[in-house]
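Counting starts at 1 for both ligands and their atoms, following the listed order.
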Amino acid sequence: MSTSVELIKEAEFSHNLNREEIVTILKDDSCNEELFQAADRVRKKYVGDEVHLRGLIEFSNICKRNCLYCGLRASNKNLDRYRLEPDEIIELAKKAVEYGYKTIVMQSGEDEFYTLDKMKYIISNIKKLDVAITLSIGEKSFEEYKAYKEAGADRYLIRIETTDKKLYEDLDPGMSHNERKRCLEDLKELGYEVGSGSLIGLPNQTLESLADDILFFKEIGADMIGLGPFIPNEDTPLKNEKGGEFTMSLKVMAITRLLMPDTNIPATTAMETISRNGRIVALQSGANVVMPNVTEGEYRKMYALYPGKACAGDTPAHCVGCITGKITSIGRSVSSTKGFRVRKKITT
Ligand code: 5AD
Ligand code: SF4
Ligand code: FES
């Protein structure tokens, strides 16, 4: 059995680890720096020093689902709800383009107000701004995904949350893990760039299960992988749980980079929320994307997936300057492209 350091050294070039090997690294905190530095080198070699910024519009916090960890869950009566009109969303996208964003990410709870016609209207109008469009609006049918794509959507984010079927179905009442996977398959088949990801530190989640998550992303060939700690929310049934740790989240992310050298990996807001400068540390440990919030006013605070969300009290203008400054201060640059995944030949 190899030691963690040996496994990290090998994986930096082979981009392969099995379940047991991943668990060995996750368990052992004595070589975290080696892991983060190896992931940083792989990032630099395959996706370079450019950081892609994606402007995130959180356009509705209304959700029909009841995920136990999430503040937007339908049963949470302690949250003021909002939804933006289609034209308001398009206006926010125009402002995001003025700030320099080349990708707009539209995220919401699963809100049935946004019918197919409304979504097609929003997508096709934002598309006129010459930007890439990412959707993050949950589980839909093949036909709906197809129609969004034809209207101009390029990418779709839908986290598997955890590959542990039982844990998933315990935490997401009424939802089916198979259906979640069906969504990912349909999106892939339709030619989207597909993003997935998981929560780190869910109650009853094991290191083996985190290893399975990483291997799952590789197996489905995910183009984007968003990972972040689970942060307990007072207004949810999981309010007394411990929550995920920053270091563990960073380790899962770094191993993901070792195994998937040319994929796009965001430094997530959840990482920033539990650790000051967490996004910058993530950018130096394998990540190459940041998704600053471009939602305006009170809505930012109302999109309360978890408490203390980084940047909730800031403005879109402040965030774009802030993050650009931080990125350049670590010797990286902000990309001026749409930031599609560029497939690279894997050299071992
Ligand atoms: N802590 C961290 N992330 C959360 N999400 C939902 N609730 C929480 C929480 N309490 C994440 C889920 C979802 C994404 C939009 O937000 O992974 O896919
Ligand atoms: Fe709704 Fe997504 Fe929150 Fe689940 S995680 S309650 S689907 S917004
Ligand atoms: Fe929002 Fe720094 S990016 S305050």
Using a strict threshold of under 4.0 Å (side-chain N to carboxylate O), is an ion pair present between Lys127 and Asp154?
yes
Hey, what's the ring geometry for Tyr145 with Tyr156, parallel, tilted or perpendicular (30° and 60° as the breaks)?
perpendicular
Taking the side chain from Glu21 and the backbone from Asn18, do they hold a donor-acceptor pair closer than 3.5 Å?
yes
Whether the side chain of Asn61 engages the backbone of Leu72 through a donor-acceptor N/O pair (distance < 3.5 Å, no angle test) should be reported.
no
How about His318: does one of its N, O or S atoms come closer than 2.8 Å to atom 2 (Fe) of ligand 3?
no
Which residue and heavy atom of the protein sit nearest atom 4 (Fe) of ligand 2, plus the separation
Cys67 SG, 2.3 Å
Qualifying residue for side-chain hydrogen bond (donor to acceptor under 3.5 Å, both in side chains) with Arg257, from Thr263, Asp262, Asn288
Asn288
Does an N or O anywhere in Glu161 fall below 3.5 Å from an N or O of ligand 1?
yes
With a cut-off of 4.0 Å, which atoms of ligand 2 are near a heavy atom of Cys63?
1 (Fe), 6 (S), 7 (S), 8 (S)
Specify the protein heavy atom at minimum distance from atom 3 (Fe) of ligand 2: its residue, its atom name, and the distance to 0.1 Å.
Cys70 SG, 2.4 Å
Given Ile274, Thr162, Leu199, identify the one with the heavy atom nearest to atom 5 (N) of ligand 1.
Leu199
Determine, considering heavy atoms only, which of Thr236, Ile231, Leu238 sits nearest to atom 10 (N) of ligand 1.
Ile231
